[in-house]
Novice: 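The structure under discussion is supplied below as structure tokens; questions concerning it will follow.
Since the structure is predicted, the reported quantities are computational estimates derived from the model, not experimental observations. Just so you know, ligand 1 is whichever comes first in the structure, and atom 1 is the first atom listed for that ligand.
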Amino acid sequence: MKKTILITGWTGYIGSHAVVAFEQAGYTTVIVDNLSNSSEQVLSKIGKILGYIPDFHKADICDTKALDEVFSKHGFDGVIHFAGLKAVGESCEKPFLYYGNNILGSINLFEAMVRYKVRRIVFSSSATVYSSDNTLPLTESSKLGTTNPYGTSKLVIENVLQDLSLHASLQALPLRYFNPIGAHPSGHIGEKPNGVPNNLLPYILDVALWKREKVRVFWDDYPTIDGTGVRDYIDVNDLVDAHIAAYRKLEEISGDTNGSFTPVNIGTGRGTSVLEMIRMTEEATGKKVAFEKVGRRSWDLAEVYAWVDFAKEFLGWESEKTVKEGIESGWKFISGV
Ligand code: NAD
Ligand code: UDP
């Protein structure tokens, strides 16, 4: 019999790709989103790819009653938890919004899981949980520490999951994403943030599309290849495959009545600078991408990339797609060509 899993935050960028990948891998997905950073139109796009539309609930994870209704209606085998706010700058301006939505919302979700005896959870964590005081590459045992409320919300949720693995037998696999890019090969779903993009590639693609004038490069003459920030860009299609590998890992250990908590880095192990991203986008799209040098953001680090051996060893997963492929699929989605 097909297993039913709950996917929170499914209309979002990564969640929409995950719904497609989990359905295609043979799971039934029940999907929950409050549409605060996404649109219900994604439903029909997913329908175009799958040929049908999964069971959708418009619900807020902060609403305990709504969550209870969803849990009481379905016998979930596990949860893939994407729902959350993700803009670092906004989190500095409105910290309580982030603590409330991300931390309290997650606690409600975990409380419902424990009440309904659902033990498996894959959680969208982030490389932002790592302290700036580390040597590269970042390993799962690098020092933890955050500099902004968004990062703090991820670290607190990880800590809560660790507690619940010890005291409520949850089997938790936080995936610490590096920088997701790209879109589904069909061109139907991809990253379409409401308003001005915060992340680099959607902004660069908007400039290539002449929707915005120039990329503002947060440049600080960093000790990197060209003075701009270096990040580990992971293709969203590889990223959702990592979630399937993680969920299968949880199924493997399900006989165990003890809880578990195992954070895993999800990246490529390679870094790319902002100027390299701009140049590669110009090559992939044939369009000029204008940019200007502006100062750094307060939370920016010079260079961030992952140590990926643990993901290979523990999940049997490693990235396959190149940054160039991520830029090309992102462009196909955003430009429609
Ligand atoms: P996204 O904003 O596109 O998707 C998140 C979804 O969660 C949105 O559809 C939003 O409407 C929904 N949501 C937010 N609060 C909710 C609530 N209280 N109840 C129900 N739904 C709610 O973001 P994304 O890029 O797809 O990211 C998914 C997850 O991955 C997030 O938790 C994010 O923090 C994490 N993450 C993202 C990145 C990245 O660069 N994209 C990197 C690391 C971690
Ligand atoms: N960046 C930039 N201009 C932008 C957005 C980002 O120069 O409009 C840089 C940022 O300083 C970092 C890299 O691009 O070096 C990736 O930033 P993003 O916000 O996408 O992800 P982060 O790693 O900060 O989570």
Side-chain angles (χ1 to χ4, degrees), residues 7-18 31-40 42 57-63 66-67 70 80-89 91 97-98 100-106 108-109 123-129 148 150-151 153-154 157 174-181 189-194 196-204 206-207 212 214-220 222 224 227-234 236 239-240 243 266-267 271-278 291-305:
I7 300 193
T8 72
W10 73 277
T11 20
Y13 169 41
I14 304 166
S16 55
H17 291 77
I31 52 189
V32 164
D33 202 299
N34 68 356
L35 306 177
S36 59
N37 193 35
S38 51
S39 145
E40 209 164 328
V42 175
H57 298 263
K58 180 168 186 266
D60 194 312
I61 56 167
C62 296
D63 179 346
L67 266 187
V70 175
I80 315 291
H81 178 30
F82 295 103
L85 298 172
K86 63 164 183 178
V88 177
S91 81
L97 177 67
Y98 277 67
N101 190 75
N102 292 4
I103 301 176
L104 297 181
S106 296
N108 282 340
L109 175 69
F123 167 58
S124 299
S125 189
S126 164
T128 52
V129 299
N148 58 73
Y150 167 71
S153 74
K154 292 293 178 192
I157 297 165
L175 299 181
R176 292 177 179 159
Y177 312 161
F178 281 66
N179 292 62
I181 58 163
I189 51 173
E191 185 168 17
K192 198 174 253 176
N194 290 341
V196 181
N198 290 295
N199 291 115
L200 179 65
L201 186 60
Y203 206 108
I204 294 178
D206 270 5
V207 175
R212 289 177 211 286
K214 289 178 193 164
V215 180
R216 291 154 61 238
V217 179
F218 303 129
W219 200 323
D220 200 28
Y222 292 116
T224 59
T228 65
V230 166
R231 294 290 181 276
D232 184 339
Y233 295 95
I234 171 80
V236 69
L239 177 62
V240 295
H243 287 73
I266 303 295
T272 307
S273 76
V274 176
L275 292 187
E276 285 173 322
M277 290 297 282
I278 290 176
F291 65 87
E292 63 179 331
K293 180 174 175 173
V294 300
R296 54 167 289 176
R297 298 179 299 194
S298 62
W299 62 87
D300 270 339
L301 303 182
E303 195 162 12
V304 178
Y305 56 88

Novice: Give the residues near ligand 1 by chain and number, with the criterion being a heavy-atom distance under 4.0 Å.
Specialist: Gly9, Thr11, Gly12, Tyr13, Ile14, Asp33, Asn34, Leu35, Ser36, Asn37, Ser38, Ala59, Asp60, Ile61, Phe82, Ala83, Gly84, Lys86, Asn101, Ser124, Ser125, Ser126, Tyr150, Lys154, Tyr177, Phe178, Pro180
Novice: Taking NZ, NE, NH1 and NH2 as the nitrogens, is one of them in Arg231 or Asp300 under 4.0 Å from a carboxylate oxygen of the other?
Specialist: yes
Novice: Is a donor on one side and an acceptor on the other found under 3.5 Å between the side chain of Asp232 and the backbone of Gly271?
Specialist: no
Novice: Mind checking the CD1-NZ spacing from Ile31 to Lys58? Nearest 0.5 Å is all I need.
Specialist: 14.0 Å
Novice: Could you pull out all residues at least two apart from Ser106 that satisfy side-chain hydrogen bond (donor to acceptor under 3.5 Å, both in side chains)?
Specialist: His81
Novice: Anything with a heavy atom under 4.0 Å from ligand 2 counts, so go ahead and list those protein residues by chain and number.
Specialist: Asn179, Asn198, Asn199, Leu200, Arg216, Val217, Phe218, Gly229, Arg231, Tyr233, Val274, Arg297, Asp300
Novice: Apply the side-chain hydrogen bond (donor to acceptor under 3.5 Å, both in side chains) test between Ser153 and each candidate in Asn101, Asn148, Asn102; give the one that qualifies.
Specialist: Asn102
Novice: Not counting sequence neighbours, which residues clear salt bridge (Lys or Arg N to Asp or Glu O under 4.0 Å) with Lys214? List them please.
Specialist: none
Novice: Please determine whether the number of non-hydrogen atoms from other residues, nucleotides or ligands lying under 6.0 Å from atom CZ of Arg216 exceeds 12.
Specialist: no
Novice: Taking atom types as modelled, find out whether Tyr177 and Ser125 have a side-chain donor-acceptor pair closer than 3.5 angstrom.
Specialist: no
Novice: Decide if atom NZ of Lys293 counts as having more than 12 heavy atoms of other residues, nucleotides or ligands within a radius under 6.0 Å.
Specialist: yes
